[in-house]
Amino acid sequence: MRLFVAIAMPEDVTERLSAVMGGLDGARWVDPDDLHLTLRFVGEVGRDAAEDLAAALSSLRAPAFPLRLAGFGHFGSGRRVRALWAGVEPQPALALLQGRVEAAARRAGQPAETRKFVPHVTLARMAGAVPEDAVAHWTALRGPFAAGPFEVREAVLFESFLGRDGPHYERRMAVPLERLPDADDWEEGEFC
Ligand code: 2AM
């Protein structure tokens with residue numbers, strides 16, 4: 001099975017992102033329900049490796065945190081952009097979570113991820129040769145972009161199915177993040 005660990009986007013952020021998606025020739029837009037921020041791509045693994053990964057993830061501890069999306073970016077350059085994405089405001093707790101997910105993957109026997117972590121939410125992958133100018137034009141038309149903040153309360157292990165209409169993802173396991181007690185959550189009398 002093909003696995004990755006990610007943060008799913010809440011509905012209001014999905015709506016904000018869907019509102020800007022479209023209008024770029026050659027772009028294959030991600031299904032809004034599938035929008036996510038990848039923490040660790042694992043790739044194709046057998047059942048034993050998947051079970052080891054799930055076990056390592058189940059012992060992961062990290063705090064919940066607020067996350068805000070901001071701006072657009074892309075991978076690839078010149079005459080060939082590969083992907084268009086929404087960026088993420090710097091958030092040390094996100095880097096901490098990503099580091100712990102990476103450590104869990106290593107404990108589960110996965111090879112180290114050598115690429116630098118560039119947090120992003122992919123909006124479109126390019127079907128043909130889409131030049132950087134076209135992407136810059138698309139970005140300029142949309143003006144400044146921000147969404148959230150929203151509270152990241154879990155990391156999710158997803159299974160990816162590659163189909164003719166693009167990939168489709170299913171949740172396999174949720175890793176809850178630790179929330180600091182919020183005054184609003186306390187029941188009356190809890191302080192005795
Ligand atoms: P992307 O959004 O930048 O394409 C599931 O495929 C997720 O894992 C995608 O969000 C994808 O990132 C990410 N990913 C990272 N490395 C990948 C790889 N080598 N192949 C496919 N997806 C990868």
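Residue indices begin at 1 and follow the sequence shown.
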field: Within one Ile-Leu-Val-Met-Phe-Trp-Tyr cluster: Val13 and Val121, side-chain cutoff 4.5 Å
entry: yes
- prompt: Heavy-atom distance under 4.5 Å between the side chains of Ile7 and Leu94, does that happen here?
  reply: yes
message: Could you list the cluster mates of Phe161? Members are the ILVMFWY residues connected by side-chain heavy atoms closer than 4.5 Å, either directly or through other members.
response: none
message: When you measure from the side chain of Arg28 to the backbone of Arg125, do you find a donor-acceptor pair of N or O atoms at a distance under 3.5 Å?
response: no
task: Quick one: pull up CG in Leu37 and NE2 in His120 and give me the separation to the nearest 0.5 Å.
output: 7.5 Å
task: Inspect the contact between Glu11 and Arg16 and indicate whether a charged nitrogen and a carboxylate oxygen are less than 4.0 angstrom apart.
output: no
- request: Could you check Phe65 against Leu96 for side chain to side chain contact (heavy atoms under 4.5 Å, CB included), going step by step and ending with a plain yes or no?
  value: CA-CA 11 Å; Phe65 56 89; Leu96 180 79; over 6 Å; no
message: Is there a path of hydrophobic side-chain contacts, each under 4.5 Å between heavy atoms of I/L/V/M/F/W/Y residues, joining Leu57 to Phe158?
response: no
- request: Identify the heavy atoms of Gly143 and Phe72 that sit nearest to each other, and give their distance.
  value: O-CE1, 4.3 Å
Test side chain to side chain contact (heavy atoms under 4.5 Å, CB included) applied to Phe145 and Thr139, step by step: CA-CA 9 Å; Phe145 173 81; Thr139 304; over 6 Å; no
task: Please check if atom CZ in Arg106 has more than 12 non-hydrogen atoms from other residues, nucleotides or ligands closer than 6.0 Å.
output: no
message: What's the separation between atom CZ in Arg40 and atom CG in Leu157, rounded to the nearest 0.5 Å?
response: 11.5 Å
query: So do Leu123 and Val30 actually touch side chain to side chain, heavy atoms under 4.5 Å?
result: no
field: Short side-chain to backbone donor-acceptor contact, His137 and Val135, under 3.5 Å
entry: no
- prompt: Less than 4.5 Å apart, any side-chain heavy atom of Leu84 and any of Trp138?
  reply: yes
query: Are Val5 and Phe41 close enough, and set up right, to give a side chain to side chain contact (heavy atoms under 4.5 Å, CB included), and what steps lead you there?
result: CA-CA 6 Å; Val5 182; Phe41 180 71; over 6 Å; no
- prompt: Got Val156 and Met173 here, is their nearest side-chain heavy-atom distance under 4.5 Å?
  reply: no
field: Spatial distance of atom CG (Leu60) from atom CG (Leu97) [nearest 0.5 Å]
entry: 6.5 Å
query: Are Arg153 and Leu177 side-chain neighbours, meaning at least one heavy-atom pair lies under 4.5 Å?
result: no
- prompt: Donor-acceptor pair, Glu113 side chain versus Arg115 backbone, under 3.5 Å?
  reply: yes
- prompt: Which atoms form the tightest heavy-atom contact between Arg80 and Ala129, and what is the distance?
  reply: NH1-CB, 3.4 Å
field: Side-chain heavy atoms of Trp29 within contact of Leu24, under 4.5 Å
entry: yes
Pair Glu102 + Arg100: basic N to acidic O under 4.0 Å: no
task: May I ask you to decide if Gly78's main-chain N or O and Glu132's side chain share a donor-acceptor pair within less than 3.5 Å?
output: yes
- request: Would you mind reporting whether Val101 and Val175 have side-chain heavy atoms less than 4.5 Å apart?
  value: no
- line: Here the gap from Glu89 atom CD to Leu67 atom CG, rounded to the nearest 0.5 Å, amounts to 8.5 Å
- request: Taking all non-hydrogen atoms of both residues into account, name the closest pair between Leu17 and Ala86 and its distance.
  value: CD2-CB, 3.9 Å
query: Say you draw a straight line from CE of Met126 to CG of Asp25; how long is it, rounded to the nearest 0.5 Å?
result: 11.0 Å
- request: Search all heavy atoms of Glu154 against all heavy atoms of Ala174 and return the closest pair with its distance.
  value: OE1-CB, 3.5 Å
task: Classify the angle between the aromatic ring planes of Phe4 and Tyr169 as parallel (below 30°), tilted (30 to 60°) or perpendicular (above 60°).
output: perpendicular
query: Taking all non-hydrogen atoms of both residues, which atom of Ala155 and which atom of Leu39 are closest, and how far apart?
result: CB-CD1, 3.9 Å
field: Steps toward side chain to side chain contact (heavy atoms under 4.5 Å, CB included) verdict (Arg68, Gln91)
entry: CA-CA 9 Å; Arg68 193 161 179 267; Gln91 166 53 281; over 6 Å; no
- prompt: Is there a side-chain contact between Ser160 and Met1, using heavy atoms and a 4.5 Å cut-off?
  reply: no
field: Between OG1 on residue Thr38 and NE2 on residue His36, distance to nearest 0.5 Å
entry: 3.0 Å
- prompt: According to the interplanar angle, ranging from 0 to 90°, do the rings of Phe75 and Trp85 count as parallel (below 30°), tilted (30 to 60°) or perpendicular (above 60°)?
  reply: tilted
- prompt: Which atom pair, heavy atoms only, marks the closest approach of Ala56 to Ala104?
  reply: CB-O, 3.3 Å
query: With sequence neighbours left out, what residues match Phe117 under ring-ring contact (aromatic ring centres under 6.0 Å, His included)?
result: none
